[in-house]
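Note sheet for the following structure.
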Protein chains: 2
Amino acid sequence: MKENTGKSKYVMLGMLALTPQTGYTIKKWLENEYSHFWQESYGQIYPTLKKLVEEGLAVSSHNSEHGNGRGQIIYTITEPGKKELSDWLSKAPEIEKFRYEILLKISFGDNTTKEVLLGHLDEFMKRNEKLLEDMNGYMEEMEGEKGQNFDCTYSKLTALCGIHLYSAMKAWAIEAKGIISAKGEKNHETKNT
Amino acid sequence: MKENTGKSKYVMLGMLALTPQTGYTIKKWLENEYSHFWQESYGQIYPTLKKLVEEGLAVSSHNSEHGNGRGQIIYTITEPGKKELSDWLSKAPEIEKFRYEILLKISFGDNTTKEVLLGHLDEFMKRNEKLLEDMNGYMEEMEGEKGQNFDCTYSKLTALCGIHLYSAMKAWAIEAKGIISAKGEKNHETKNT
DNA sequence: GAAAGCATGTAAAGTGTTACATGATTGG
DNA sequence: CCAATCATGTAACACTTTACATGCTTTC
């Protein structure tokens, strides 16, 4: 009845499966490579890492001699931790729930002006355009690196998902702007010259 | 310092702007027409409606003579409520945070088998295919209705967003399956016939 | 010498879902 | 008569972010 910590637990395990590291580096890693589809705050990271140790899924080693700050705590995944991770990976992912505030605002469009909606859509379009460019750049980076050393097939797949998503959202925003813009001109062609 | 109730407040206002109604009918409405991009539970709906009345953004009328159950409470939006709604509509929508569990699982793909990932992707693809079909059906429905009575431009725009999204996710899943399937066959063409 | 970064952590508040309790009416 | 639907509501729990506190090292 007390199973707790939700997905964060598995995210930590996945991060530690990559390499033994600290809560701080996990946060940086998430911010840089995962932020487009996942995010965790320190408020979740540190308590979750502690629980991992309590449950025997990771071990911690305190390193006070290393250089900066108050010393770091390096977490390493254990065999039971690897088992827990791979068990979770086998289970069907939960169905994602979307919460698009922009769609909400468009739904309620009758309570505002066309101009307001067009403004939101324009920002949305530009944001997705930018994300698309960034993601394409990131993809090229990986394509370069890949020829050399690492197999980043899985990272490329998540980036590819971003590319599909951002392209779709950009295309939709452009289409939506067109439809809303055209909405004023009905069946009357009255001209008062 | 105590501003509370987040987006739910505005969702309720938007629903009441449509027509005066009960918490129950708001829930049904959300489930049927908005669930692909927004969801609220009774645990949010009822307390939020009460707060709306406290703040003067809606008024409630208790109807005990109407038929079933313990009677219903019909909420009606007020002028200040309409103002609050349209003010919120003008503000830039918050940037959406995605949490795609399937991308997380793919990222951690090295800790499981190709088969597991292909299975997840296949389910994801089918689910999005289904959603796409449903949304296309819904769109056609509206196209029929529209010729007759109501202007459902905004509902059609949100449905269109769904169509773009689901198509993109379906396409990605198919592509990703191909890439993962091909991953085993490297540079060796060994055949043991 | 100040700012930024490294590094840890927690308390409080905010946000959201689930499970339960209640009870009448309608349809099979 | 039983199940479903209409209809309200809350307490407990689960999840997540924000703001704060601490303090060393490195860079400008």
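These numbers were taken from a predicted model, which means no experiment stands behind them. Residue numbering restarts at 1 for every chain, and letters A, B, ... go by the order of the sequence lines.
- A salt bridge links B/Lys28 with B/Glu31; the closest basic N to acidic carboxylate O contact falls under 4.0 Å.
- Listed nucleotides D/dG9, C/dG9, D/dT17 differ in distance to B/Tyr75; the shortest reach to its side chain belongs to D/dG9.
- Minimum atom distance to the side chain of A/Ser8 is reached by D/dT16, of the listed D/dT16, D/dA7, C/dT18.
- Whole-Å rounding puts the A/His62 NE2 to C/dA7 C1' distance at 10 Å.
- Counting to the nearest Å, the P atom of C/dG14 and the NZ atom of B/Lys9 are 13 Å from each other.
- Residues that satisfy the side-chain hydrogen bond (donor to acceptor under 3.5 Å, both in side chains) test with B/Lys114, not counting sequence neighbours, are absent from this structure.
- For A/Phe124, the ring-ring contact (aromatic ring centres under 6.0 Å, His included) test picks out A/Trp172, with sequence neighbours left out.
- Sorted by first and then second residue, the pairs that involve residues 37-57 of chain B and meet ring pair (Phe, Tyr, Trp, His ring centres under 6.0 Å), not counting sequence neighbours, are B/Tyr34-B/Phe37, B/Tyr42-B/Tyr46.
- Counting only heavy atoms from C-beta on, B/Tyr24 has its side chain closest to D/dT8 among D/dT8, C/dT8, C/dT10.
- The nearest whole Å value for the distance from the NZ atom in B/Lys27 to the C1' atom in D/dA7 is 14 Å.
- Residue A/Lys50 has its side chain nearest to C/dG9 when only C/dG5, D/dT17, C/dG9 are considered.
- Comparing A/Trp38 and B/Tyr46, the nucleotide of DNA chain D nearest to each residue sits closer to the 5' end for B/Tyr46.
- Residues satisfying the side-chain hydrogen bond (donor to acceptor under 3.5 Å, both in side chains) criterion with B/His164, sequence neighbours excluded, are A/Glu175.
- Protein atom CD1 of A/Ile45 is 15 Å distant from nucleotide atom C1' of D/dC15, rounded to whole Å.
- Straight-line distance from the CG atom of B/Asn32 to the C1' atom of D/dT5: 14 Å, rounded to whole Å.
- Here C/dT8 is the nucleotide among D/dT17, C/dT8, C/dT17 with the atom lying nearest to any side-chain atom of A/Ile73.
- The end-to-end axis angle of the helix from C/dG1-D/dC28 to C/dG28-D/dC1, rounded to 10 degrees and based on five pairs per end, is 30°.
- Residues B/Leu30 and B/Ile26 meet the side-chain proximity criterion, which asks for heavy atoms closer than 4.5 Å.
- Residues forming a salt bridge (Lys or Arg N to Asp or Glu O under 4.0 Å) with B/Lys126 (at least two apart in sequence, or on another chain): B/Asp122.
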